[in-house]
Undergrad: 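Just passing along the structure, written as structure tokens.
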Amino acid sequence: MDEAFLKQALEFGQPYTERGEVASYIPELSKADGRELGICVRPIGGETVRCGVWNRRFTIQSISKVVNLAMALERFGFDAVFHKTKMEPSGASFNSMSRISDTEDIPFNPLVNSGAIAIVELLGPVGLEGMLSAFRGLCSDPDITMDEAVFQSEWTHSARNRSLAYLLQSKGLIGENVDETLRLYTQLCSLSVTAGSLANLGMLLANGGVQPETGRRLLKEEVVRTTLTMMLTCGMYDGSGEFAVRVGLPSKSGVGGGILSVVPGEMGIGVYGPSLDSKGNSVAGQRVLEYISRTEKLHILDRYTR
Ligand code: GLU
């Protein structure tokens with residue numbers, strides 16, 4: 001895969017930016033330029049390829065849920081995590097309340113807001129500083145910081161997530177520390193990354209948790225397997241099924257416009273395109289990934305027919 005190919009993929013995706021809108025429910029996010037599009041691809045042991053607006057800093061938003069999940073699995077283990085959430089696609093929007101209503105005891109999965117807030121409670125003792133250094137390490141990006149303006153903007157418009165957090169408390173899934181948990185969840189959503197940082201994280205996951213350059217294991221193999229499975233089945237919210245058919249790669253989107261995609265055993269991909277569809281997924285980013293996956297036969301099931 002070279003730069004000329006990525007340029008073609010971005011040209012294919014560009015018109016789709018017109019079909020979506022930047023997020024506005026967090027007012028600060030509405031300042032993004034919806035026409036921007038960029039990509040970074042990091043093959044394991046190969047040359048990094050980049051194109052378009054790949055080095056724009058934007059907030060990671062829900063892609064933080066991937067790191068939160070991996071860290072919680074790593075530190076507290078499988079049972080502690082899946083005591084808090086199920087492992088099922090929710091088939092509902094990212095901040096749905098209906099999917100943890102009276103009839104459901106626990107959130108559907110760790111990659112929707114309700115599940116992620118429950119997971120972040122586990123990470124309370126790690127704290128913002130500990131999590132920041134985990135994000136910097138896993139994304140090989142020492143420049144990740146918290147975007148204070150985005151944090152304040154979301155924090156002052158967090159009624160929905162606050163309701164979810166109190167609902168979780170009423171079910172005994174989080175304790176007395178609702179405010180602290182929600183603050184940490186929101187701070188982690190406000191970390192600034194680039195398509196390059198996401199590609200680095202993707203490459204680490206593609207390589208089973210071992211950093212290819214140093215040979216250092218940062219995540220256990222089974223942590224990576226569980227995390228990638230959750231991304232494949234639940235990473236694009238209520239668009240996860242269609243995305244799995246069209247692209248077929250474990251991926252996670254965020255309302256900041258990022259998509260993290262992983263080609264297991266081969267490469268990590270980071271995409272930035274802040275114009276979103278109605279489900280909160282980058283509208284053009286999904287098309288770019290579809291173009292790449294189809295052309296290069298990267299769909300995980302293609303490997304059996306290619
Ligand atoms: N911080 C956002 C929220 O909790 C993340 C949502 C997303 O990226 O999908 O509403």
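Both counts, for ligands and for their atoms, begin at 1 and track the order of listing. All of these numbers come straight from a predicted model, not from anything done at the bench.
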Undergrad: Quick one: do the Thr229 and Thr226 side chains pair a donor with an acceptor below 3.5 Å?
TA: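 No, no side-chain donor-acceptor pair sits under 3.5 Å.
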
Undergrad: Measure the distance from atom 9 (O) of ligand 1 to every protein heavy atom, then report the residue, atom name and distance (to 0.1 Å) of the closest one.
TA: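 Going by distance alone, atom 9 (O) of ligand 1 is nearest to Tyr237 OH, 2.6 Å.
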
Undergrad: Record the part of Asn161 in heavy-atom contact with ligand 1 below 4.0 Å; permitted values are side chain, backbone, both and neither.
TA: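 Side chain only; the backbone of Asn161 stays clear of ligand 1.
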
Undergrad: With a 4.5 Å limit on heavy-atom distance, are the side chains of Phe5 and Thr295 in contact?
TA: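 With C-beta onward as the side chain, the pair touches.
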
Undergrad: Quick one: closest heavy-atom pair of Leu201 and Cys139, and the distance?
TA: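 Minimum heavy-atom separation between Leu201 and Cys139: CB-SG, 4.0 Å.
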
Undergrad: For Cys189, counting its heavy atoms only, list the atoms of ligand 1 lying under 4.0 Å from any of them.
TA: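 Selected atoms, number and element: 1 (N).
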
Undergrad: Charged N to carboxylate O under 4.0 angstrom, Arg57 versus Asp141?
TA: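 So Arg57 pairs with Asp141 through a salt bridge.
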
Undergrad: Indicate yes or no: does an N/O atom of Ser62 lie under 3.5 Å from an N/O atom of ligand 1?
TA: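 Among all N and O atoms of Ser62, at least one is under 3.5 Å from an N or O of ligand 1.
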
Undergrad: If you count heavy atoms of other groups shown closer than 6.0 angstrom to CZ of Arg56, is the number above 12?
TA: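 No, CZ of Arg56 has 12 or fewer neighbouring heavy atoms, counting only those of other groups under 6.0 Å.
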
Undergrad: Would you say that Ile259 contacts Gln286 through its side chain, given a criterion of any heavy-atom pair below 4.5 Å between the two side chains?
TA: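 Counting from C-beta outward, Ile259 and Gln286 do come under 4.5 Å.
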
Undergrad: Atom CG of Leu204 and atom CD1 of Ile44: how far apart are they, to the nearest 0.5 Å?
TA: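 Rounded to the nearest 0.5 Å, the CG-CD1 separation comes out at 9.5 Å.
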
Undergrad: Below 4.0 angstrom from a heavy atom of Glu154, which ligand 1 atoms are there? Numbered from 1 as shown, please.
TA: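 So the atoms of ligand 1 that pass are 1 (N), 2 (C), 3 (C), 4 (O), 10 (O).
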
Undergrad: Indicate yes or no: does an N/O atom of Lys65 lie under 3.5 Å from an N/O atom of ligand 1?
TA: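 No, no N or O pair falls under 3.5 Å.
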
Undergrad: Considering only the protein, which heavy-atom contact is closest to atom 4 (O) of ligand 1, and what is its distance?
TA: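 Among all protein heavy atoms, the one nearest atom 4 (O) of ligand 1 is Tyr185 OH, 2.6 Å.
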
Undergrad: Quick check: does Ile26 get an N/O under 3.5 Å from an N/O on ligand 1?
TA: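 It does not: no N or O of Ile26 is found under 3.5 Å from an N or O of ligand 1.
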
Undergrad: Students should be able to answer this: which protein heavy-atom is nearest to atom 10 (O) of ligand 1, and at what distance?
TA: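 Result for atom 10 (O) of ligand 1: Tyr25 OH, 2.6 Å.
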
Undergrad: To the nearest 0.5 Å, what is the distance between CG (Leu37) and OH (Tyr272)?
TA: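 One finds 10.0 Å between CG of Leu37 and OH of Tyr272.
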
Undergrad: What residue and atom, counting heavy atoms only, is the protein's closest point to atom 1 (N) of ligand 1, and at what distance?
TA: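 Among all protein heavy atoms, the one nearest atom 1 (N) of ligand 1 is Gln61 OE1, 2.6 Å.
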
Undergrad: Provide the number and element of each atom of ligand 1 under 4.0 Å from a heavy atom of Gly254.
TA: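 Those of ligand 1 that fall under 4.0 Å from Gly254 are 8 (O).
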
